[in-house]
Amino acid sequence: MNVLSELRRRFRISLEALEADAGEAAELVLPSKDPRFGDYQANCAMPLGKRLGLPPREVALRLVEQLSVEELCEAPEIAGPGFINLRIKDEWLLGQLERMVADVQQLGIDPSEQPKTFVLDYSSPNVAKPMHVGHIRSTVIGDALCKVLRQLGHRVISDNHIGDWGTQFGMIIYGYKHFVDEEALEANAVDELSRLYKLVNRLVEYHATREQKIPGVEQQIVELAGRLEQMDDATELENPKDRKRAEKRLRQSENQLTELRATLDELRNQVAAAENDRELGPLLCEHAEIGAAVLAETAALHAGDKTNQALWDRFLPACLASIDEIYDRLGVTFDHTLGESFYHDQLEKVVEELAQRGLVKESDGAMCVFLEDFEAPFIIRKQDGAFLYATSDLATIRYRMGEWAPDAIIYVVDHRQSLHFQQLFETARLWGYDHVQLEHVSFGTVLGEDGKPYKTRSGTAVGLSGLLDEAVVRALRIVGENDDAREQPLLSTEQRQENAERIGIGAIKYADLAHNRTSDYVFSYDKMLAMNGNTAAYMQYSYARVRSIFEKGEVDVDALRNSGASILLTKPEERALAMALLQFSEALERVATDFRPNHLTAYLFELASIYSGFFENCPVLKAEDDKLRNSRLLLCDLTARTLARGLKLLGIEVVERM
RNA sequence: GCGCCCGUAGCUCAGCUGGAUAGAGCAACGGACUUCUAAUCCGUAGGUCGGAGGUUCGAAUCCUCCCGGGCGUGCCA
């Protein structure tokens, strides 16, 4: 039962009697932050007073007169300028909790009154490239949203829109044709393909750096230095405001110049390193045109070249197996994996259809959709005739609408692509898909401890597989040290390993989910594996601590649930816990409303803290009598189940002992 | 140039569509294990919410300007 929804429903009725804008005003019923103000508070009397020309307290009084909440709340209190404070009746609270006790499957969470169909697009790695730290957020957030929405009774179709038709395959094909070790390919296709990809990528990078990037940066430095010389005069401007602005620009340009010079040094070092590399060096000259050659292999694949198509058919399964290995480890699954290649033969038609609607204009040889409010056009076909991801994204929308008729399509993709999605959504609307909710659920960058995007020391992206390994290794060390420190260790070697896997992977996921997704966050093993604070390890420990009571007391949980024992609220800590347990579904609803899993982590952390208060103050096994003992056991059971379910919805496993 | 995002305690971050005294964790200091897991808990200290205006009964939250930072910006994804 979602208490907040229920209260709002009732307020809506009483608001309508006052001829107010009931829907909007009812949204001002909120959970109270301070227990002194009850469990919930309605803040709508103040704005309404203004609109109705009445004193807010008078409005509050009338609202309360109309309000029908007798069985649910104590008599509402009006406080301050016109706050209406509501305290849930213990009796009603207990009724709800007993429902939760009995409802093993759903924990008393009612399905949404208006179930919707969502298509969830997340993870979307490029196959043939090892997954790296940049994929973690999309995968983890998307998976959590998927699970939460389903828990709330929505129909969710998860679709992994993998990049399986791009340049990276051109690289592998080129690599195969020049460098393959057939024996290695037979023995372990993924490793060999990965080797080929990396080798070709490094060769391409070398030439691109030497022939394009370095001259580009040099040019920028020359231009900027030239502009800087001219700027010096500007500092003598008389108008203080102009002068200040000029000084600022000067400062910024100087910083920029320093940065550019550093970049140039770095690029030159990279080139030198490649030339001195024993493996790479000898190949550099021979493969001078590799950049163009890779594009040609890609183009040949797209054009239906038999050899390349055969290679694609041969390589793809191994590539998929490689990313599936990571998904297995993360416990992430998808209903569909329809990548770019799936839409390949639909792209021409998409451009035609848009053209028929008069949406397409040719510009500099490219097919463009020009949109109001956007400077740059949305390009759907390049000069050379090739299609872009804009085109395949449009084809994907059409397919999804035809196949699943969703109410919403949600893209869990990093914030740097927001412009692309704005243009994509606008184009889709003009195309006729104007009733579907298209949502870019964006997220920030994972940063290293230096505050810059998380990279290895050599500047490459951190591999996801190694990231998970490291977390598990560290978790194992912590688990071992702590268990060894006990007089009587609790865990076998196997249990320690199993725990480390759950704690390590859970730590990474939880750290990601606990941050507001729109902001960047600093990746730190020490913080995410800490036993204090809002971490997976703390939540898992809280869970294990609750469970140990049942073990210690040799309590049969099923029997307890079916015993008909009732819950008693004899201390404030018991009531606070009861209230928190009941509010689980509100937390889930908040997650679903704005697609922010951190509302759920915040709730779980709050619940664990409140449970701590209960644990300190309310003896369970040594309660005064059996009735109280059983009551507290039921509260413990509900806490354990809520923690486990909440973590499960975040894709995190609990451990029974730690 | 234009567009989007960010700036909250020494550090890392919460703060839900504007609500009552801005919260956690870490670090600091002081307490609690013959008592259900001390991998824990409790307490103390720490803030001009980047700055200045404005809207409002009420602003960290909304608007304007300024300062500082990130990202994006016509043929990559």
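Note that these values count all heavy atoms, side chains included, but never hydrogens, waters or copies made by symmetry.
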### Message
At under 4.0 Å between heavy atoms, how does the protein contact nucleotides 36-45 of chain B? Give one character per nucleotide, 5' to 3', with B, S or -.
### Response
BBSBSS----

### Query
Heavy atoms, side chains only, cut-off 4.5 Å: are A:Ser542 and A:Leu607 in contact?
no

Protein-nucleotide distance ([X], atom [atom1]; [N], atom [atom2]), rounded to Å:
| X | N | atom1 | atom2 | value |
| --- | --- | --- | --- | --- |
| A:His415 | B:rG70 | NE2 | P | 12 Å |
| A:Glu487 | B:rU34 | CD | P | 12 Å |
| A:Glu426 | B:rG3 | CD | P | 18 Å |
| A:Tyr40 | B:rG19 | OH | P | 17 Å |
| A:Gln41 | B:rG58 | CD | P | 18 Å |
| A:Lys452 | B:rG69 | NZ | C1' | 13 Å |
| A:Gln422 | B:rC71 | CD | C1' | 13 Å |
| A:Met528 | B:rA24 | CE | P | 23 Å |

### Residue A:Phe83, side-chain heavy atoms: nucleotide from B:rA20, B:rC71, B:rG74 that is nearest
B:rA20

### Task
Could you tell me whether B:rC33 is syn or anti, where syn means a glycosidic angle within 90 degrees of zero?
syn

#### Entry: Check: A:Phe387 ring centroid to A:His344 ring centroid under 6.0 Å
no

#### Entry: Pair A:Phe425 and A:Tyr411, ring centroids less than 6.0 Å apart
yes

Roughly how far, to the nearest 0.5 Å, is [atom2] of [Y] from [atom1] of [X]?
| X | Y | atom1 | atom2 | value |
| --- | --- | --- | --- | --- |
| A:Glu656 | A:Leu490 | CD | CG | 12.5 Å |
| A:Tyr389 | A:Leu394 | OH | CG | 11.0 Å |
| A:Met528 | A:Tyr510 | CE | OH | 13.0 Å |

Give [X] one of three labels, base, sugar-phosphate or nothing, depending on what nucleic acid heavy atoms sit under 4.0 Å from its own.
| X | result |
| --- | --- |
| A:Phe378 | nothing |
| A:Asn85 | base |
| A:Cys636 | nothing |
| A:Ala79 | base |

### Message
Quick check with a 6.0 Å cut-off and a 45 degree axis cone: is A:Arg547 positioned over the face of A:Phe550's six-membered ring?
### Response
yes

### Message
I want to check a possible cation-pi pair here: A:Arg517 against A:Phe595, using under 6.0 Å from ring centre and within 45° of the ring axis as the test.
### Response
no

Do any N or O atoms of the protein come closer than 3.5 Å to N or O atoms of nucleotides 75-77 of chain B, and which pairs are they?
| unit_1 | atom_1 | unit_2 | atom_2 | d |
| --- | --- | --- | --- | --- |
| B:rC75 | O2 | A:Gln383 | N | 3.0 |
| B:rC75 | N4 | A:Asp364 | O | 3.0 |
| B:rC76 | OP2 | A:Lys382 | NZ | 2.4 |
| B:rA77 | OP2 | A:Tyr389 | N | 3.3 |
| B:rA77 | O3' | A:Glu340 | OE2 | 2.8 |
| B:rA77 | N7 | A:Tyr389 | OH | 3.2 |
| B:rA77 | N6 | A:Tyr389 | OH | 3.0 |

### Query
Who are the ring-ring contact (aromatic ring centres under 6.0 Å, His included) partners of A:Tyr40, not counting sequence neighbours?
none

### Message
For a stem of at least 3 consecutive Watson-Crick or G-U pairs with distances under 3.5 Å, i pairing with j, i+1 with j-1 and so on, which stems involve RNA chain B?
### Response
B:1-7 with B:67-73, B:10-13 with B:23-26, B:28-32 with B:40-44, B:50-54 with B:62-66

### Query
Are A:Asp512 and A:Arg137 close enough for a salt bridge, meaning some N to O gap below 4.0 Å?
yes

### Query
With a 4.0 Å cut-off, would you call A:Asp626 and A:Arg629 a salt bridge?
no

### Query
So which heavy atom on A:Leu628 is nearest to which on A:Glu574, and how close?
CD1-OE2, 3.9 Å

### Task
Report yes if the ring of A:Phe37 lies under 5.5 Å from the six-membered base ring of B:rA20 with planes under 30°, and no otherwise.
yes

What's touching nucleotides 31-33 of chain B from the protein side, N or O pairs under 3.5 Å?
none

Mind listing the N/O atom pairs, protein and nucleotides 12-18 of chain B, below 3.5 Å?
| unit_1 | atom_1 | unit_2 | atom_2 | d |
| --- | --- | --- | --- | --- |
| B:rC13 | OP1 | A:Val522 | N | 3.0 |
| B:rA14 | OP1 | A:Asn516 | N | 2.8 |
| B:rA14 | OP1 | A:Ser519 | OG | 2.8 |
| B:rG15 | OP1 | A:Asn598 | ND2 | 3.2 |
| B:rG15 | OP2 | A:Asn516 | ND2 | 3.1 |
| B:rC16 | O2 | A:Arg590 | NE | 3.4 |
| B:rU17 | N3 | A:Glu27 | O | 3.4 |
| B:rU17 | O4 | A:Arg8 | NH2 | 3.0 |
| B:rU17 | O4 | A:Glu27 | O | 3.3 |

